[in-house]
Amino acid sequence: MNRAITFLLCGAVILCAAVDVLALEAGKIQLAVAAPDPVVAGGDVTFQVIVVNAGTTRWSAGDYYVEAEVYDAQKNYIAKPSRIKGTVNVDPQKTNLFYIPFSVPNGFVGVYHYRVFIYFKEQRVVESEYYTFNVTPLPAMKPKPADFRIGGNAVLSYKQTSKYEGKDYVGNLNLNLVGQIMERAMLFNMYTFHTPKSTTTSEGMDHEIYTILFNYYGDNWNFGAGDVLPIFSPLSLYGTGMRGAQYEYKGDRFSYGLVGARTVKALEGNTTSNGTYERWIIGGRMGYDVVAGVNVGADYVSSFDRQESLTTPGPSLTPASNGVVGGTVRWDITEQTVLDVEYQSSSYVPDVKNSSTTITDYAYRAEIKYNPENFLIKTMYQETRPDFYSFGSPGAARDRKTIDVYTNKRFFNRLSVNAGLNSFSDNLDKDPDKVTTTQNIYSAGANYSSPGRWPSPFLAYSLNTAVGDPKTAQDNYTNSISFGLTGKVSAVNIVLSLQQSAFRDNNKIADDLDSDIVNFIANSSFGSRLSMNVGLTQTKTSNIVTETVNDTPSYSLSVNVGVLPEKLTAQLWGTMITRKNDAVNVSDQIDQQERSGNAELTWLVVDGFTWTLGTSYLDVQDEITADNTYVEHGVNTRLSYSF
């Protein structure tokens, strides 16, 4: 059996090495960082992203956008901030800067993850790794243990500022429940926004359910409603958060799942710019254990744009529909060796309103994983044909051949070493009128868990190359290296990370770029009445050719003081963010500084019930655009009940 396993693994690696390399329409993320970090719960964090058009086609304004998804410490999907559309044209090998705001719910605390996606003409061309940001909690008094089967907390908050003559306000309701209903476990989380429809007229209030999730668990089934992340298979339904409902059942040999959800919110267009139709997905999957260790499955996913969701679609937007049907096979060859195979067929109607033309194609993938104790090796081959569309799995970009090899080894239960290769290419039909490009990503890293109280170091390196056929159309690479320390020094918990990346274009079509990121977080408690959090994030991107710099340092500080132990708490926090870009084009230049300060008092009125009263200050100074300069004062209050 060991010889059979070795043969299968070697065969998979040889298969990957023997694949022809072709091309793709690609992008890259040059820099992604969250600021401020840490952020205090209830505040705003901004994901700053620099994207690179790494393909050979211009990204026209309105045809591309950047999107982010937020996850908890266990990488469970939480929320999706609004997508940010590109407003300028981006030529091949050029960059664009995006700021993606995310309002952090009051109940957040600890480490959170986020990923960034780049879309071009509704096709996902980049899916980033997981990045992290940290949230400092708002003060709260510990409630008495509840005797009820359902417990949790509810927080009602209100904030009003001097902006727009006091007409600017935000109300929030944060509700978290956990417990049992009819002897079944349940979980419910909801966070809402309530703002004025207009800051100049009295038109009423806008309401938005920012995040919502209800999970109900049975013995062999579970039901989820709200912000869900359903998974059928990598080619049919995978890797995108949505709002709707899902149901999963798993018996002794038979399993199935159902989903119905909205994947994209409607966005009105105008006479010059396209909007976005509301998009829905419905689907189902089933699986059956044919014999011990072998499971076969089938799935069907239907996606469609709801035409009634828009009044003004835009000059060229058309409603589309998509169907994907296929099957999977999973074979547990041994306890350590698993083979997964999948085949999917798709149908796509680009304009259901004016045409019945249907485009069909297919995709397939195979993955084998060998995972004995303290060791993992995984190889995957995937091919998505040029006309294969899968709205429910945007990571399965069409017209792409992908090879992925990854290995990880752990030594002495302290040192973990990993290495990987990801290679993908397009133009599978070998169209002579298209540039054929191959992108290879080589990566390696190491993590060491230090004994005692010594900080634990980590080191990572990656090389990303994109080479065209002919090379004169595209030939560039990005080197990235990062180093960090996590742990406790004396009584202070620290996180320190340093990252440097260099983008170089051998054809000199694009400017060479250097990016540096420094992130430092420290927190400590001084006795039982005083705690402090400090954060520093420094990002700098230098254009080597034009000798210009995009520099964004951010600083954050929060102090929590127990004025009266377990009765009255004071919290002070503030941030300072500076954004500077001395770009050659005046329209791209930035010189702005943002300073904020906040103070709150939280009083434990009775056990489980607290009242918070606070004030805020915001000073924005823009040296380039005077209209963006303002000073804002605010007051806020919050009621919290734990039960």
Side-chain angles (χ1 to χ4, degrees), residues 33-48 99 101-109 133-140 155 157-172 193 195 199 519-526 529-539 551-563 568-580 590-603 610-623 626 628-638 640:
V33 65
D37 187 8
V39 60
V40 175
D44 295 326
V45 63
T46 300
F47 305 135
Q48 176 180 310
Y99 294 105
F102 174 63
S103 297
V104 181
N106 292 331
F108 275 28
V109 56
F133 67 98
N134 298 267
V135 180
T136 301
L138 291 167
V155 180
S157 61
Y158 176 84
K159 180 179 181 180
Q160 185 171 3
T161 72
S162 59
K163 198 172 183 180
Y164 304 117
E165 299 179 348
K167 296 179 182 178
D168 183 41
Y169 65 85
V170 177
N172 303 115
F193 269 90
T195 59
T199 53
N519 185 245
F520 175 75
I521 298 173
N523 61 77
S524 184
S525 297
F526 306 92
R529 299 178 61 177
L530 177 64
S531 63
M532 181 180 297
N533 287 271
V534 178
L536 162 66
T537 301
Q538 171 77 49
T539 67
D551 191 11
T552 307
S554 71
Y555 312 88
S556 64
L557 171 67
S558 67
V559 179
N560 198 8
V561 182
V563 181
L568 184 65
T569 298
Q571 187 171 32
L572 307 173
W573 73 92
T575 63
M576 184 173 73
I577 303 175
T578 301
R579 300 184 178 97
K580 289 190 176 183
I590 301 172
D591 189 356
Q592 188 181 87
Q593 186 176 83
E594 177 183 308
R595 292 174 293 179
S596 68
N598 301 266
E600 288 189 350
L601 282 175
T602 299
W603 174 35
T610 61
W611 176 38
T612 298
L613 186 64
T615 183
S616 64
Y617 171 82
L618 176 63
D619 182 2
V620 178
Q621 300 294 323
D622 196 314
E623 300 298 330
N628 293 334
T629 295
Y630 63 92
V631 176
E632 179 183 301
H633 303 274
V635 295
N636 64 282
T637 186
R638 190 167 59 252
S640 177

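Just so you know, these numbers use all the heavy atoms, side chains as well, and skip hydrogens, waters and symmetry mates.
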Which heavy atom of [X] sits nearest a heavy atom of [Y], and at what distance?
X	Y	answer
Val135	Phe108	CG1-O, 3.5 Å
Pro137	Ala41	CA-CB, 4.4 Å
Val45	Val39	CB-CG1, 4.2 Å
Asn106	Gly42	OD1-CA, 3.3 Å
Ser558	Thr136	OG-CG2, 3.7 Å
Val563	Arg529	O-NH2, 2.8 Å

Does the side chain of [X] come under 3.5 Å of the side chain of [Y] through a donor N or O and an acceptor N or O?
X	Y	answer
Gln160	Tyr158	yes
Asp622	Gln592	yes
Gln538	Asp551	yes

The criterion is side chain to side chain contact (heavy atoms under 4.5 Å, CB included); which residues satisfy it with [X], sequence neighbours excluded?
X	value
Ser556	Pro36, Pro38, Thr575
Ser554	Ala35, Thr537, Ile577
Ser616	Lys159, Asn598

How many angstroms lie between [atom1] in [X] and [atom2] in [Y], if you round to the nearest 0.5 Å?
X	Y	atom1	atom2	answer
Ser524	Met532	OG	CE	8.5 Å
Trp573	Leu557	CH2	CG	12.0 Å
Leu568	Thr610	CG	OG1	11.5 Å

Contacts of Asp619 that satisfy salt bridge (charged side-chain N to carboxylate O under 4.0 Å, His left out) - sequence neighbours left out =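 Partners of Asp619 under the salt bridge (charged side-chain N to carboxylate O under 4.0 Å, His left out) test: Arg595.
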Backbone N/O of [Y] and side chain of [X]: donor-acceptor pair under 3.5 Å:
X	Y	result
Arg638	Ser157	no
Thr46	Tyr99	no
Glu623	Gln593	no

Just so I know, are the side chains of [X] and [Y] near enough to count as touching, which here means a heavy-atom distance under 4.5 Å?
X	Y	answer
Asn560	Thr569	yes
Asn172	Val155	no
Gln571	Thr602	no

Could you walk me through whether Asp37 and Ile521 pass side-chain contact (heavy atoms from CB on, under 4.5 Å), step by step?
CA-CA 8 Å; Asp37 187 8; Ile521 298 173; 3.5 Å; yes
| message | Could you work out, with ring-ring contact (aromatic ring centres under 6.0 Å, His included) as the rule, every residue matching Phe193, not counting sequence neighbours? | response |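 Counting only residues at least two positions away or on another chain, Phe193 forms a ring-ring contact (aromatic ring centres under 6.0 Å, His included) with Tyr191, Tyr210.
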Q | ring-ring contact (aromatic ring centres under 6.0 Å, His included) involving Phe47 - partner list, sequence neighbours excluded | A |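 Per chain and number, Phe47 pairs via ring-ring contact (aromatic ring centres under 6.0 Å, His included) with Tyr114, Phe133.
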*asked:* As a quick check of understanding, evaluate side-chain contact (heavy atoms from CB on, under 4.5 Å) for Thr578 and Tyr555, giving each step before the final call.
replied: CA-CA 9 Å; Thr578 301; Tyr555 312 88; 5.6 Å; no
- Item | The single option from Thr612, Thr615, Asn636, Thr637 passing side chain to side chain donor-acceptor pair (under 3.5 Å) against Glu600 |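 Of the listed options, the one satisfying the test is Asn636.
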